[in-house]
Amino acid sequence: MVQKTLGYQIGVKRIIAIPFLLVLFICLVIYTLVDLTQTVQSEIKQASKINYLLAQSVASNPNSLITTSVDKLLSEMPQYESIVFFPFDQQQHPTTRPIKVTEVLFERYYGLSEPVKINLLKLTPNQKNAKVDQLIGYSNLTLDLQTIRHQWFWQHLPLMLVLSFIALLNLWFVVQKVQNLTNRLPQLEDLSRHILKDEFSQAEAYQLPNSNEAWVFEKALVYLLNKRKAQIAQIDTLRQEKNALEETQIKQLEHSSKFENILIHEFKSSVSRIESGLQLLHNQYISAEQKDAVEIISLGKDDLNAKLDQIIQINRIDKGQTGVSAYQFSPTALITQIVNDYQPFAAEKNITLTAKPYHADYVLEGDIQKITLIISSLVENAIKFTDKGSITITSQLQHLQTQVRWMLQIEDTGIGIAKEHLEQIFEPFFQINPEVKHTSSNNSAGLFLVKKLLELMKGGITVTSEADVGTNFQVSLLLKDWKHNYERNLLINKHIVVWYHYEDLFEKAKRMENAGAKVETFTNTELLEDYLSSHTVDALFISRNIHYQAILDFVSKFRELEQNGRVTIVCVYDTKALNPHTIELLKIAGVDYFVKKEVIDDTLDQYIKELSHILS
């Protein structure tokens, strides 16, 4: 994975400088607009008052005096362009309107009009004189907006320059600080890249700057690297100690193994000499008391021989010298064979030995020799501790996705096991009642070895028992399904494409994958065409939910462009959607096989077998 390098300096300018300048510009524009508008409006109010006074003066003072006042006013107030008196005319009505923002910013002149009125005496019907106002004209004052803007600009220019300078100085200070912080980011990025590539030798050479310049997370990262370095050193030390300890243990085990082998060999030799002596005694005429003694010695010899064999097997399991083989076998046939083998021993004690398989005949894969030894040992153990009643072997199969869980129960009506001994029965050579005699069968093992063998095959064993009532051993084994192993290779090395809608063939496609095929699914026609044009496939499955006309067009076009061999096209159809006529047209277009929806839904496994023959 390519790691991208970050442009930290450019990022600082983009993230800090540009937004800052943009905000500064917007603030200046808003301030200019608001303050200039207020200044112009203030000038308008002042001019309106002056114009009002002039209008009053025109009505009462001589023209020469008014002219002198106007000239003086225009000379002292450059923002006033002109002050003119208009005589009253019926066709002319000057008015003053509110100023707009656009006029404040862009217009040159703005006019103010004020009516000029004089007082006249009027004779009323009751012979009394009354004063009335007579409109004689308008006084018009014209403001020069451009002059006002210039005045405002030169008046505010120093303040704006000072504020802008302060803002830019702050910006420069912030950018410098941030850039000083980001100066170490490229080095941290290199450090992170080394860590992602597991190049810890280079990463651990990273040097921290002065404490004032280093970041907290930078210190934490270096701390973790140093801690990891120390931990690796500790791990190396522990590994060396472990290797030394293992070598010592291996030497001890080898020494112990040699001693055990010598000891077992000596015991076997002694047992062989005892057996030879017993055979000589059997050939001689001996008394009844001597026969009883010979029988006791023979039983002891058999017990010792069996325990020596168990010790040999346990040692092989502990040393990893015993593996697990896989053979095909029928669980039903195996249980039947074991029941037949132990039926005579059960009959000697008037015990009923039966098997109850709750499954049909099935084929599994497992280590048949070890499984036989486990079941035989449990059956023999049940016969040994049962004097009356029955022994029942119950067998059940639980089918999982790719495996089968075989659950066995060996239940007897024997003497049972007290609760205080339940945890001890799987200890090596533990016996509740040493006086109980063994059977004459050699195909058995102690419970400790049974548990060892089950652990070797990833199985388990539990026991429930009640004194004077009986004992029930439960065995669980997870084995391979031979049928599944066979079916998962039916479509091996086959490349199948599925064109479906509404997921009607999606689960079926997964089942084809379980049979060994490489399956690709599509719902989009264009993607399907592109894939088929660039890949070699064995079969194309078309869903029943795709419209007949779309199938016809696609297959016709595909057959015309087909180059790398002929692809087998299978159409899943519903009898309600396709009739014999449309099926015939699809055959002409290039569909090879038609399969009913019911066949795919109900007997998919059987159809996969047929498909394997078709594609072969």
Practice problem: Indicate yes or no for a side-chain donor-acceptor contact from Asn140 to the backbone of Ser113 under 3.5 Å, with no hydrogens or angles considered. | Solution: no
Self-check item: Side chain proximity check, Leu105 to Leu33, heavy atoms < 4.5 angstrom
Solution: yes
Quiz item: Would you find more than 12 non-hydrogen atoms of other residues, nucleotides or ligands less than 6.0 Å from Tyr52 atom OH?
Solution: no
Quiz item: Do the side chains of Val40 and Trp152 get nearer than 4.5 Å, heavy atoms only?
Solution: no
Quiz prompt | Main-chain N/O of Ile44 paired with Ser48 side-chain donor or acceptor, under 3.5 Å | solution = no
Self-check item: Non-hydrogen side-chain atoms of Tyr31 and Leu163 separated by less than 4.5 Å
Solution: no
Exercise. Would you check, one step at a time, whether the test side-chain contact (heavy atoms from CB on, under 4.5 Å) holds for Thr523 with Leu528?
Key: CA-CA 8 Å; Thr523 57; Leu528 175 61; over 6 Å; no
Practice problem: Verify salt bridge (charged side-chain N to carboxylate O under 4.0 Å, His left out) between Glu562 and Arg559, making sure each step is shown before the conclusion. | Solution: CA-CA 5 Å; Glu562 193 175 23; Arg559 289 303 188 194; 2.9 Å; yes
Quiz item: Are Phe541 and Val572 side-chain neighbours, meaning at least one heavy-atom pair lies under 4.5 Å?
Solution: yes
Self-check item: Heavy-atom check, side chain of Leu24 versus side chain of Leu171, under 4.5 Å
Solution: no
Quiz item: Does Ser556 reach the main-chain N or O of Asp553 with its side chain, forming a donor-acceptor pair under 3.5 Å?
Solution: no
Quiz item: Do the rings of His495 and His535 sit parallel, tilted or perpendicular, given the 30° and 60° boundaries?
Solution: perpendicular
Quiz item: Is it true that a side-chain atom of Gln403 and a backbone atom of Leu400 form a donor plus acceptor pair closer than 3.5 Å?
Solution: no
Practice problem: With the side chain counted from C-beta on, respond yes when Asp144 and Arg108 share a heavy-atom pair under 4.5 Å apart, and no when they do not. | Solution: yes
Self-check item: Student check: side-chain heavy atoms of Ile148 and Leu145 closer than 4.5 Å
Solution: yes
Quiz item: How many angstroms lie between CG in Leu478 and CZ in Arg405, if you round to the nearest 0.5 Å?
Solution: 5.0 Å
Quiz prompt | Nearest atoms (heavy-atom pairs only) where Gly590 meets Ile569 | solution = O-CD1, 4.0 Å
Quiz item: Between Ser139 and Ile83, which heavy-atom pair has the shortest distance, and what is it?
Solution: OG-CG2, 4.5 Å
Quiz item: Which pair of non-hydrogen atoms, one from Ile546 and one from Ile542, has the smallest distance, and what is that distance?
Solution: CD1-CG2, 4.0 Å
Exercise. Measure the acute angle between the ring planes of Trp499 and Phe554, then classify it against the limits of 30° and 60° as parallel, tilted or perpendicular.
Key: tilted
Practice problem: Can you see which heavy atom on Met77 is nearest to which on Gln79, and at what distance? | Solution: CE-NE2, 3.0 Å
Quiz item: Passes side chain to side chain donor-acceptor pair (under 3.5 Å), Thr582 versus Asn579? Steps please.
Solution: CA-CA 5 Å; Thr582 53; Asn579 53 49; 3.1 Å; yes
Quiz item: When you look at Tyr607 and Val570, which way does the side-chain contact (heavy atoms from CB on, under 4.5 Å) test go after all the steps?
Solution: CA-CA 12 Å; Tyr607 183 75; Val570 181; 3.4 Å; yes
Exercise. Ignoring hydrogens and angles, tell me if any N or O in the side chain of Lys597 forms a donor-acceptor pair with the backbone of Arg544 under 3.5 Å.
Key: no
Practice problem: Sort out for me which residue in Gln240, Arg239, Gln234 forms a side chain to side chain donor-acceptor pair (under 3.5 Å) with Asp236. | Solution: Arg239
Practice problem: With rounding to the nearest 0.5 Å, note down the distance linking CD1 in Ile496 to OG1 in Thr521. | Solution: 12.5 Å
Quiz item: Tell me, do Leu611 and Val595 make a side-chain contact under 4.5 Å, heavy atoms counted?
Solution: no
Quiz item: Heavy-atom count around Gln549 CD within 6.0 Å, excluding the residue itself: above 12?
Solution: yes
Quiz item: Rounded to the nearest 0.5 Å, how far apart are CG of Asp538 and NZ of Lys518?
Solution: 11.0 Å
Practice problem: Measure the spacing between CG of Leu586 and NE2 of His581 and express it to the nearest 0.5 Å. | Solution: 10.0 Å
Practice problem: Look up atom CD in Glu610 and atom CD1 in Ile608, then write down how far apart they are to the nearest 0.5 Å. | Solution: 10.5 Å
Exercise. Provide the closest heavy-atom pair for Ala589 versus Val555 in the form atom of the first, atom of the second, distance.
Key: O-CG1, 3.5 Å
Quiz item: Quick one: CG on Leu527 to CD on Glu520, what's the gap to the nearest 0.5 Å?
Solution: 11.5 Å
Quiz item: Does OH in Tyr109 sit with more than 12 non-hydrogen atoms of other residues, nucleotides or ligands closer than 6.0 Å?
Solution: yes
Quiz item: Are the side chain of Ser42 and the backbone N or O of Gln38 linked by a donor-acceptor pair below 3.5 Å?
Solution: no
Quiz item: Could you go step by step and tell me if Val567 and Asp592 meet the side-chain contact (heavy atoms from CB on, under 4.5 Å) rule?
Solution: CA-CA 9 Å; Val567 177; Asp592 298 301; over 6 Å; no
Quiz prompt | Residues Tyr110, Thr142; criterion side-chain contact (heavy atoms from CB on, under 4.5 Å); working and verdict | solution = CA-CA 6 Å; Tyr110 178 77; Thr142 302; over 6 Å; no
Exercise. Considering non-hydrogen atoms only, spot the tightest contact between Ser543 and Ile551 and give its length.
Key: O-CD1, 4.3 Å
